[in-house]
Structures are given as structure tokens and as C-alpha cells.
Amino acid sequence: MGFGETAAHMIFFIAVVLIASSVAATMAITTQKISLVMKTESEHVKNYLATSFEIINDPTNIPNTTTTAGTIYTFYIKNTGTTSFPFTPDTLTVVIDGTAVSSFTTNPNGELQPSQVGMINVTINLAAGDHKLIVVLYNGVSQSFEFRTY
Amino acid sequence: MGFSVAAAFLIIMLALFLSIGLLGKVILDNAKNVYLLNENKIKIYNTNFKISSVNTTPLLTTPPTYDMDVVICNTGSTTLSSAKFTFLVDGKVVTPSYYNNSYLYPLKCVRFNFTNLPGAPNSFHVLKVVSENGVARYATYTV
């Protein structure tokens, strides 16, 4: 066992450790990336699942007020989920009979807490008859509601 | 040669344990979310209540108003919070002035009192009651 053989063993040992370290590092980095993506997706899914709401109006009795700009219909939104969600005209999409409505206000104009009831006041002229309202939240959770105007 | 293999094995095993730890935590978090979702679904499934009675007292005011007592009984197995009920009379949200219990336990009833609601004697009204998780019941009454 000369110096040459010892050197060869050392070189072999260092090479093996280097290769194993790179394999381990690649494995750790890949796993960390996967777990980060999974965590982000998990948070998104958790938020989506925790968000729930209902349009609680009486479908044949929608509160309305006639103004010069049109009729203001009030729709009640109840947060039936376990988390609050943004409740502003910028974060909600209101669709009536397939057309997105831009002229609406919300009360409160901020966050809707669990079990809280908020109002969406839509200014629109609707013919007497059956209509369909769709409300979409910031994260895509939506509810539809059929109602009748007289 | 023997020591090199052991060192490589140790390094790779350490990385493997680290990976399992990282992924395991995320998988456990996901499982917890699914459990919470199922728990919420079970709560909604077990929610049931009925509007047991609606009593009104006309008031001699101008414009005419009335007071109303609504008794709601829990016929399900989920305890409901009285404060989280929503009431709509003729499509408009009304807030109870008083309720005699904070929680509506299974097989128990809670009385909700409303004052100064607009309506003349013999007028017909529709009441809608919505629980905290969106379960709704209707009733009609005459003042």
C-alpha cells in the first residue's frame, strides 16, 4: 500500500462524496421547489374551500328603488364560509342575464366577515319577468340566483 | 472503497429525510384542509330548523306598524348561533331587537322579537329565515 494507492483512494473518496453531495443537493432543491409549489397551491385551495356565500334574497321580492338613473335593486349576500372575503365593486363581478354590470355599489365597502350580510345595489332597468343574477368573488367562487321582477 | 460508499449513502439518506420532511408537512396540511372541508359539509348536512310560530301585535301608529315574535326550533343536530340568523320580511332584511337565547341547541327553540315593522292590520307578509350556513326557511303570516 504505497502513497500512490492512498492517493487513489483519497481521490476516489472525494469524487464519491462530491457526486453524492450533488445528487443530494439536487434532490433537496427539487423537493423544496415541489413543496413550495404545493404549499402555494394548498393555500389557494384552502382559501377557495373556506370561501362560501349565498344570495339570500326572496326571489319574488327584490327590494328596489326607482331613481332617475334607473331602478336600484338590492341583493343580499351572506358570507356562509369560515373566512372573510373582499366585498367591493373592484373585487366582485355582477352578471345579470348574461351581461356584466358595472354600475353597482356594495355595503359594506370592504371585507365581508363570516355570517355577515352585505348588500349589492345594482342600478339597472329590468323588464318585468324572470332574470338570473351571478355574483363572482375575487377568487372565482360564484353563486347564481334566479329572481322575478314585476 | 467501503468508507466512500458509506459516506455517499449517509449524504443521500440525509437529503432523502430532508425531502420527506418537507413534502410530508405539505401533504399533512392538505389533509387537514380536506378534513376541515368535510367537517363543514357535515355541519351543513346536519343543519335543520323550522319556523315554529309567528305572532304579531299591531301598533296604533302612523304609518301603521307591528311587533312580531318568531319562534325558531332546531330540528337538526348542529348548534346554531342566534346572532348569525338573518331575517327578511317582504324581501328586506330586518334585525331582531331581542332573542331569548344566544344559541339554538338541538331540540330547543329560540324566540326572536322584532319591533316597529311596517305593516297595517290584516296585511299579508312573507318571512324568510337564513341560518349561519345558508340554510333557509319560509313562512307567511297576516298581521
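In what follows, every heavy atom counts, from backbone to side chain, and hydrogens, waters and symmetry copies are set aside. Order of the sequence lines fixes the chain letters, A, B, ..., with proteins taken first and strands second; residue numbering starts at 1 for each chain.
Interface remark: B/Lys84 contributes backbone and side-chain atoms alike to the contact with chain A (heavy atom separation under 4.5 Å). For chain B, the nearby part of A/Thr82 is the side chain; its heavy atoms alone come within less than 4.5 Å. Contact of B/Ser81 with chain A is not made at all, since no heavy-atom distance falls under 4.5 Å. The part of B/Leu18 that comes within reach of chain A is its side chain, from C-beta onward, which places non-hydrogen atoms under 4.5 angstrom from that chain. Proximity to chain B is absent for every atom of A/Ile62, based on heavy atoms less than 4.5 angstrom apart. Using a 4.5 Å cut-off between heavy atoms, A/Phe13 touches chain B through backbone and side chain atoms alike. Heavy atoms closer than 4.5 Å to chain A are found in the side chain of B/Val126, but not in its backbone.
Between B/Leu23 and A/Thr31 the shortest side-chain heavy-atom distance falls below 4.5 Å. The shortest distance between side-chain heavy atoms of A/Tyr76 and B/Val130 does not fall below 4.5 Å. In this structure, the side chains of B/Ile12 and A/Met27 come closer than 4.5 Å at one or more pairs of heavy atoms.
With 3.5 Å as the limit, one finds no donor-acceptor pair spanning the side chains of A/Ser42 and B/Asp29.
Each of B/Ala7, B/Ser19, B/Ala83, B/Ser131 has some count of heavy-atom pairs under 4.5 Å with chain A, and the biggest count is that of B/Ser19.
A donor-acceptor pair under 3.5 Å is absent between the side-chain atoms of B/Lys92 and the main chain of A/Pro63, judged by distance alone. Panel note: side chain A/Asn61, backbone B/Asp90; a donor-acceptor pair is recorded below 3.5 Å.
Inspection of non-hydrogen atoms places A/Ser115 of residues 91-116 of chain A under 4.5 Å from chain B.
The environment of B/Phe17 atom CZ is sparse: at most 12 non-hydrogen atoms of other residues, nucleotides or ligands sit within 6.0 angstrom.
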